[in-house]
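Scroll down for the structure; my scribbles are underneath it.
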Amino acid sequence: MSFARKTQLDTEIPTASMPDIIFMLLIFFMVTTVLREYSGLPIELPRAKRIEKLKSKRHTSHIWVSKDGLVSIEDKLYDVKSVRNVMYEKRVSDPQLTVSLKADGSAKMELISGLHIELRKADALKLNYSTKTAVD
Amino acid sequence: MAGKRRIKGGAIPTSSMADIAFLLLIFFLVTTTIDMDKGLGIVLPAEGQEMEIKKKNILNCLINSSGQVLLGDEPTPVSEINRVIRQKIKENNKLIISVKAHNKTPYKSYISVIDQLKMANATRISIADSD
């Protein structure tokens with residue numbers, strides 16, 4: 001009897017601190033969550049093996065390029081020539097800016113080269129070709 | 001008995017708090033996008049920073065409109081670029097690979113070439129304007 005009583009006393013898990021633990025987890029996820037800002041264009045990203053992760057989402061700006069040659073920044077369509085002005089303003093407000101180029105695999109290099117030139121003129125030199133991981 | 005109950009029930013019921021917090025937690029867990037953006041990183045040269053390079057240190061890598069690659073003077077399959085470049089860098093560590101793509105080259109062919117160069121640990125890559 002005395003043995004059984006002892007075990008009954010010890011098995012109660014204190015639940016009083018459970019909400020605190022869960023709230024802490026909750027706050028962690030609330031702080032780290034970055035909601036998807038822009039929907040972009042429908043694209044099929046190319047695949048590559050030697051990929052690297054982008055360091056920070058906050059210092060990243062996306063340019064979408066569809067296979068039809070549409071260029072979209074922040075859900076607005078731009079002409080290749082006006083990318084310079086848009087990116088220049090972004091570059092001025094954030095010196096650590098990295099441009100993530102989300103281009104469709106079937107996009108023509110003509111357009112990509114044009115974007116290279118525009119980005120160079122806008123002084124946004126850190127570029128990342130967004131790709132998916134290739135399976136060996 | 002009654003007194004005991006009052007002491008126990010005096011507090012705000014906290015048993016449902018955990019459930020509410022769990023619900024919020026699950027919402028944020030679901031909406032959090034863990035898949036970070038990834039891709040091939042390069043740094044473009046600044047405007048007006050062109051410099052002259054000795055001809056022997058340049059290896060031209062031309063990509064035609066159907067994605068075939070001409071490495072120097074040799075037509076090379078894309079999967080072989082890695083090995084060939086590795087060899088050439090071993091011979092000359094000042095080698096700069098100049099990638100030139102035709103205007104009608106699909107972007108994915110260009111990416112696979114850049115990927116191969118990255119695999120060969122080629123740090124000096126020049127991206128020429130296609131003309």
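A, B, ... follow the sequence lines: proteins, then strands. Residue 1 opens every chain. Just so you know, these numbers come straight off a predicted model, no measurement behind them.
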Go through it in stages, so that I can follow the logic: the residues are B/Leu44 and A/His116, the test is side chain to side chain contact (heavy atoms under 4.5 Å, CB included), and I'd like the CA-CA distance, side-chain angles, deciding distance and then a yes or no. CA-CA 8 Å; B/Leu44 297 170; A/His116 280 155; 3.9 Å; yes
Pair B/Lys104-A/Glu110, side chain to side chain contact (heavy atoms under 4.5 Å, CB included): steps then yes or no: CA-CA 6 Å; B/Lys104 295 277 175 277; A/Glu110 193 177 8; 3.3 Å; yes
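Contact count versus chain B (heavy atoms, under 4.5 Å) is highest, among A/Asp20, A/Asp104, A/Asn128, A/Ile51, for A/Asn128. By number of non-hydrogen pairs under 4.5 angstrom with chain B, the leading residue of A/Gly114, A/Ala107, A/Ser106 is A/Ala107.
In terms of modelled atom types and a separation under 3.5 Å, the side chain of A/Arg50 and the main chain of B/Leu40 share no donor-acceptor contact.
Contacts of residues 77-88 of chain B with chain A at a heavy-atom distance below 4.5 Å are absent; not one residue qualifies. For residues 108-119 of chain B, a heavy-atom distance under 4.5 Å to chain A picks out B/Lys108, B/Tyr110, B/Ile111, B/Asp115, B/Lys118, B/Met119, given by residue number. Residues of residues 65-73 of chain A lying under 4.5 angstrom from chain B, judged on non-hydrogen atoms, do not exist here.
Remark: A/Lys102 pairs with A/Ile43, A/Leu45, A/His62, A/Trp64, A/Ser100, A/Ser130, B/Asp37 by the side chain to side chain contact (heavy atoms under 4.5 Å, CB included) rule, at least two apart or across chains.
With hydrophobic clusters built from ILVMFWY side chains whose heavy atoms lie under 4.5 angstrom apart, A/Val92 does not share a cluster with A/Val99. Follow the hydrophobic side-chain contacts under 4.5 Å out from B/Val43 and you reach B/Ile127 in the same cluster. Both A/Phe23 and B/Phe27 sit in one connected hydrophobic cluster of ILVMFWY residues. Membership requires side-chain heavy atoms under 4.5 Å apart, directly or through other members. Both A/Leu25 and B/Leu29 sit in one connected hydrophobic cluster of ILVMFWY residues. Membership requires side-chain heavy atoms under 4.5 Å apart, directly or through other members. Cluster annotation: B/Leu59 and B/Leu62 are assigned to distinct hydrophobic clusters (Ile/Leu/Val/Met/Phe/Trp/Tyr, side-chain heavy-atom contacts under 4.5 Å, transitive).
Heavy-atom contacts from other residues, nucleotides or ligands closer than 6.0 Å to CD of A/Glu89 number 12 or fewer. Within a 6.0 Å radius of OH in A/Tyr88, no more than 12 heavy atoms belonging to other residues, nucleotides or ligands are found.
Rounding to the nearest 0.5 angstrom, the gap separating the CG atom in B/Leu23 from the CG atom in A/Leu26 is 10.5 Å. In this structure, CG in A/Leu54 is found 10.5 Å from NZ in B/Lys38, a value given to the nearest 0.5 Å. For the atom pair CG of B/Leu24 and CZ of A/Phe29, the computed distance is 13.0 Å after rounding to the nearest 0.5 Å. Note: B/Ile26 CD1 to A/Ile22 CD1 = 9.0 Å, rounded to the nearest 0.5 Å.
Using a 4.5 Å heavy-atom threshold, the side chains of B/Tyr107 and A/Tyr129 count as touching.
Between B/Ile42 and the choices A/Leu127, A/Leu101, A/Leu125, the side-chain contact (heavy atoms from CB on, under 4.5 Å) rule is met once, by A/Leu127.
For B/Ala101 against A/Met109, the heavy-atom pair with the smallest separation is CB-CG, 3.8 Å.
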